[in-house]
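Encoded as C-alpha cells, the structure appears first; notes follow it.
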Amino acid sequence: MFNVIKNKIAKINYIQLLKNIWEDFFKFPLYLITHPFKGFEDFKFEKKGKMHVAIIYILLLVISSAIQITNSGFLVSEPFIGNFSIVRTFMLITVPILLITLGNWSITSLFEGKGNMAEIFKVISYAIIPLVWVGIPMAILSNFLIQEELAIYTSINGIGVLLTGYLGLFGLLVIHEYGLAKTLVTIVTTVIAVAIIIFVGILILTLFQQIFGFVDQIYNEFIMRNS
C-alpha cells in the first residue's frame, strides 16, 4: 500500500502543478481585473472559475484579516486585540458572503438572471481576491510605516476595496447577462434581500429562544411539583 502511494506521488508532475496554481490563483484573477467582460465570459462559459480557488481565497481572506488584526503596526492596529477569535473572524467573512449569494440568487431568479447560485458564490469569492493580495503585504509593511506614510497605506487598501467592488459588479453583470442599469438595481435589491433574511433569521431565532424558555419553564415546574 505504501509503495502504491509512493509511486503515485512520484508520478505527480510538479512543474504542471505549479503552472496550474499560477494559472488558477494569479494569472486568471489578474486577467479578470484587466479584461472583466472577456474574463467573466471565460469564467462562466469556459468554466475557468474554479470552486476550489474560490474557497481557498475565502480562507486566505480569513488569514489576511487575522494577520491585520493581530500583527499590524501600532499606527493602524486595533487598540485592543485580547479578545481576538479566529472563529469569529471566519464567521464575519463567510456569513456575509453566503448571505449575499443567497440574496442575489433570490433576487436575480425573479429578474430572469442567468447565473446560478454556485456561479454567484464564485463571483463574490473571486471579487475578494484583491483584498487578499493587498491585505497580507500591507499588514506586514504597516509595521515599518511612520505617521506621514499612513496615507499610502490607506490609499492602497482603498484600491483593494475598489477592485473588489469592480470585480463584483462586472462579474454579476456578465454571469446574469444583464445591462449595467439592471445590474445596479439587482445589487441594491440584493442588499435589501440580505437585510430581510437577517431580520427573518433574528425573528426565528428569537421565537425558538422563547419556545425553548417556555418548554424549560414547564419542565422545571413539573419537576418541582413531582419532587
Side-chain angles (χ1 to χ4, degrees), residues 8-9 11-68 89-90 92-105 107-109 113-141 155-180 182-184 186-187 190:
K8 287 184 177 180
I9 293 174
K11 290 179 181 178
I12 295 175
N13 188 333
Y14 291 101
I15 295 177
Q16 185 61 42
L17 179 62
L18 291 173
K19 183 179 178 181
N20 291 340
I21 291 173
W22 166 253
E23 291 278 346
D24 292 341
F25 287 87
F26 299 99
K27 186 177 179 179
F28 183 64
L30 186 60
Y31 184 74
L32 288 177
I33 294 173
T34 54
H35 303 81
F37 287 107
K38 183 63 171 66
F40 278 109
E41 285 180 358
D42 292 344
F43 181 99
K44 179 178 176 69
F45 300 111
E46 301 296 329
K47 307 300 181 183
K48 288 191 175 182
K50 307 289 181 62
M51 183 62 74
H52 70 275
V53 175
I55 293 173
I56 288 173
Y57 264 110
I58 290 175
L59 296 177
L60 287 174
L61 183 60
V62 173
I63 294 171
S64 172
S65 299
I67 292 173
Q68 287 179 310
T89 303
F90 177 82
L92 287 174
I93 290 172
T94 56
V95 171
I97 290 174
L98 294 175
L99 286 176
I100 294 170
T101 300
L102 179 60
N104 188 259
W105 175 78
I107 293 298
T108 54
S109 296
K114 305 299 183 181
N116 56 42
M117 190 176 291
E119 290 172 339
I120 296 169
F121 174 79
K122 287 188 288 186
V123 164
I124 296 169
S125 301
Y126 271 72
I128 66 173
I129 287 176
L131 296 179
V132 177
W133 287 357
V134 168
I136 295 177
M138 285 298 100
I140 297 171
L141 290 175
S155 298
I156 294 176
N157 280 328
I159 291 172
V161 173
L162 288 175
L163 287 176
T164 291
Y166 163 85
L167 286 175
L169 173 64
F170 282 102
L172 294 175
L173 185 151
V174 172
I175 67 164
H176 290 307
E177 300 179 30
Y178 286 161
L180 179 59
K182 195 170 185 179
T183 301
L184 292 173
T186 55
I187 288 174
T190 294

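The residues of the chain are indexed from 1 along the displayed sequence.
The two residues Q68 and A139 have their closest heavy-atom pair at CG-CB, 3.7 Å. The shortest heavy-atom contact between K47 and K50 is O-CE, 3.7 Å. The shortest non-hydrogen separation linking V123 to L172 is CG1-N, 3.9 Å. Among all heavy-atom pairs drawn from A54 and S125, the shortest one is CB-CB, 3.4 Å. Counting all heavy atoms, side chain and backbone alike, I120 lies closest to G115 at CD1-O, 4.3 Å. L61 and I93 get closest at one heavy-atom pair: O-CD1, 3.7 Å.
Side-chain contact check for K114 versus I175: every heavy-atom pair is 4.5 Å or farther apart. Within the 4.5 Å cutoff, the side chain of I100 has no heavy atoms near those of the F121 side chain. Using a 4.5 Å cut-off on side-chain heavy atoms (C-beta onward), L59 and F90 make contact. Looking at D24 and H52, their side chains come closer than 4.5 Å, going by heavy atoms from C-beta outward. Taking 4.5 Å as the limit, every side-chain heavy atom of L32 sits out of range of all side-chain heavy atoms of F170. Looking only at side-chain heavy atoms (C-beta outward), P29 and W133 come within less than 4.5 Å of each other. Side-chain atoms of K44 and E177, non-hydrogen and from C-beta on, do get closer than 4.5 Å to each other. No side-chain heavy atom of F28 sits less than 4.5 Å from a side-chain heavy atom of V53.
Here CD of E119 is found 12.0 Å from CD1 of I124. Values are rounded to the nearest 0.5 Å. We find the NE2-CG distance between H35 and L30 to be 9.5 Å, quoted to the nearest 0.5 Å. In this structure, OG1 on T101 lies 12.0 Å from NZ on K122, to the nearest 0.5 angstrom. Here K19 contributes atom NZ and K27 contributes atom NZ; the two are 8.0 Å apart, rounded to the nearest 0.5 Å. Atoms CD1 and OH, from I63 and Y57 in turn, are 12.0 Å apart once rounded to the nearest 0.5 Å. To the nearest 0.5 Å, atoms CD (E46) and NZ (K38) are separated by 6.5 Å.
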Dump the intermediate steps for side-chain contact (heavy atoms from CB on, under 4.5 Å) on V95 and L99, then the final yes or no. CA-CA 6 Å; V95 171; L99 286 176; 3.8 Å; yes
Quick one, L184 with L169, criterion side-chain contact (heavy atoms from CB on, under 4.5 Å). Give me CA distance, side-chain angles, the key distance, then yes/no. CA-CA 8 Å; L184 292 173; L169 173 64; 3.9 Å; yes
Given I128 and I97, is the side-chain contact (heavy atoms from CB on, under 4.5 Å) satisfied, shown in steps? CA-CA 10 Å; I128 66 173; I97 290 174; 4.3 Å; yes
Decide yes or no on side-chain contact (heavy atoms from CB on, under 4.5 Å) for Y31 and D42, but give the supporting numbers first. CA-CA 10 Å; Y31 184 74; D42 292 344; 4.0 Å; yes
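Proximity of a side-chain donor or acceptor of T164 to a complementary backbone N or O of A127 within less than 3.5 Å is detected. Between the Y126 side chain and the F40 main chain, no donor and acceptor come within less than 3.5 Å of each other. The closest donor-acceptor contact from the side chain of S64 to the backbone of L60 lies at 3.5 Å or more, if one exists at all.
For N104 and H176, the side-chain atoms include at least one donor-acceptor pair closer than 3.5 Å.
A 6.0 Å sphere centred on NZ of K182 holds more than 12 heavy atoms belonging to other residues, nucleotides or ligands.
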